[in-house]
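Report on the structure given below.
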Number of protein chains: 2
Amino acid sequence: MNDLSSPLHSLKVTCTNCSLRELCLPIGLNRDEMAQLDAVIRQSRRFKRGEYLFRTGDGFRSLYAVRTGYFKTCVSSRDGREQATGFYMSGELMGLDGISANTHGCDAIALEDSDVCELPFSRMESLGRDIPSLQHHFFRLMSREIVRDQSVMLLLGNMKAEERLAAFLLNLSQRLASRGFAANDFILRMSREEIGSFLGLKLETVSRTLSKFQQQGWIRVDHKHIQLLRPEELKALVAGCSQANSAG
Amino acid sequence: MNDLSSPLHSLKVTCTNCSLRELCLPIGLNRDEMAQLDAVIRQSRRFKRGEYLFRTGDGFRSLYAVRTGYFKTCVSSRDGREQATGFYMSGELMGLDGISANTHGCDAIALEDSDVCELPFSRMESLGRDIPSLQHHFFRLMSREIVRDQSVMLLLGNMKAEERLAAFLLNLSQRLASRGFAANDFILRMSREEIGSFLGLKLETVSRTLSKFQQQGWIRVDHKHIQLLRPEELKALVAGCSQANSAG
DNA sequence: CGAGTGCTTGAGATCCGTCAATATCAGTGG
DNA sequence: CCACTGATATTGACGGATCTCAAGCACTCG
């Protein structure tokens, strides 16, 4: 632990000192266990906006936790149709779909300049055997992804355009709030087209629906800058629908 | 192992002698490991058609593997809308969504008289620590569920009614075939309404689309009895769309 | 045999997608 | 700094896929 000799000491980001400790993998680990985790995790890799973290078909080696920035994941059909399957912000884990076939099942793309921690999966697996609470947390994270996916299915299968968009905005709001950002005033990191791809709508419908919300005085839209003026109205729209999470 | 003394001996179904060995949890375990697994798994519980295996909000204790019969899982919103999230047949695992919050996140309902093996999760978790290949297989199963969910999102977000139904029929066909049943001649276990709930369509649309397929000579529909006459035409419909699995 | 449930089919309504025109923004290079 | 270009967003008009409502049919089960 006392690697003060290294000049890089103060630059090295570890789970132990990461501000995402409470949102990310190390929940519930003690000092010693966290040190073991630190030893396994590869330090941040930077990605520029638009760069691929991994692509469908790439060999699966690692999971990736967002440290800063934003990513999207999407699956696409051969004829070019794309379905965004999630948006990921700090502390959220990507790549869980790759375990099953040892191959990534979707693309992961940086929505802005971002960096991630790489978690080599086989080492995480064996570490899980030594640290039961880590293993359990891992299962919980995978299960949470499944729960999230179920609520996206409810959204795509049952909800109308307005309900989908309201659910989407509220979900972003809640996740930003839990990271200490303003809940009702934020910048969208994705285009209208990407929102539409996630919500099963065309970009024109997304745009129109945002305008409609604005006309009703529920939100303020200034390009990617969104303010929720009457979040309770949005909540009323999705009331009854178990809210759909974008990620985490 | 030699409990021949027990009169129940010949009735007791274990993983070791289960015909689903190759589809279910024990893939890749040796004799000894399988015996340990057998010791943890609770024997079949029977469910009548329409009975709940678990409900949203029930405390999470166990996962359940279908032994015989069929189940569906569904999430529902407070205002009554229901989204079927999957159909499960023999060897497939239900309840993975419950791990994250220690509470089941959906309902699981028998589509006909069925029985399941109960896998107490905390014992599975510790067994996984002793048997790395079991732990790994568990991760793979959870990941497979995530991959499946992603393809359902693609289906719900991007595909038209005909494509959805074609993908659904082909998926059923393939899963039945891998269980040794006829691929092109089978009985639907679910109602039109349940199919619609899964595919994000109304039952009338499901019915109309089946009729259309029949008129084109691609399938034969006799109530719940379905024959695929020209599966290649159905495949052409979903060509380009990575096929969406119902479960497994 | 009768009631009830599930299924099929039709007609009209609605929501959203498509196409198109215009506006605005971000990045580049003069 | 400004003009230019391509990407992104807004808005309108129209059309089409699916939903809604409704009627009738066909099984199932007591």
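To find a chain, count down the sequence lines: A is the first, B the second, and so on, and within it residues start at 1. Note that this is a predicted model, so its numbers are computed, not measured.
A close approach under 4.0 Å does not occur between any side-chain nitrogen or oxygen of H223(A) and OP1 or OP2 of dA9(D). Residue R208(A) places no side-chain N or O under 4.0 Å from the OP1 or OP2 atom of dC16(C). For the OP1/OP2 pair of dT18(D) and a distance below 4.0 Å, the side-chain nitrogens and oxygens of T205(B) include no atom meeting the criterion.
A cation-pi arrangement is absent between R179(A) and F181(A), since the terminal nitrogen or guanidinium carbon is not both under 6.0 Å from the aromatic centre and inside a 45° cone about the axis.
Within a 6.0 Å radius of CD in E118(B), other residues, nucleotides and ligands contribute more than 12 heavy atoms. Residue K212(B) places its NZ atom among 12 or fewer non-hydrogen atoms of other residues, nucleotides or ligands, all under 6.0 Å distant.
The residue K224(A) sits close only to the backbone: its heavy atoms come under 4.0 Å of sugar-phosphate atoms, none of a base. At a threshold of 4.0 angstrom between heavy atoms, the contacts of G196(B) with the nucleic acid are absent.
Comparing dG17(C), dT11(D), dC7(C) by their nearest atom to the side chain of L201(A) picks out dG17(C). Here the side chain of K202(A) is nearest to one of dG17(C), dA11(C), dT11(D), namely dG17(C). Here dT8(C) is the nucleotide among dT8(D), dA17(D), dT8(C) with the atom lying nearest to any side-chain atom of L203(B). The E204(A) side chain lies nearest to dC19(C) when the options are dC15(C), dC25(C), dC19(C). Side chain of S191(A), nearest nucleotide from dT8(C), dT10(D), dT8(D): dT8(D).
If you find the closest nucleotide of DNA chain C to K160(B) and to S211(B), the one lying nearer the 5' end belongs to S211(B).
Using a 4.0 Å cut-off between charged side-chain N and carboxylate O, K48(A) and E112(A) make no salt bridge.
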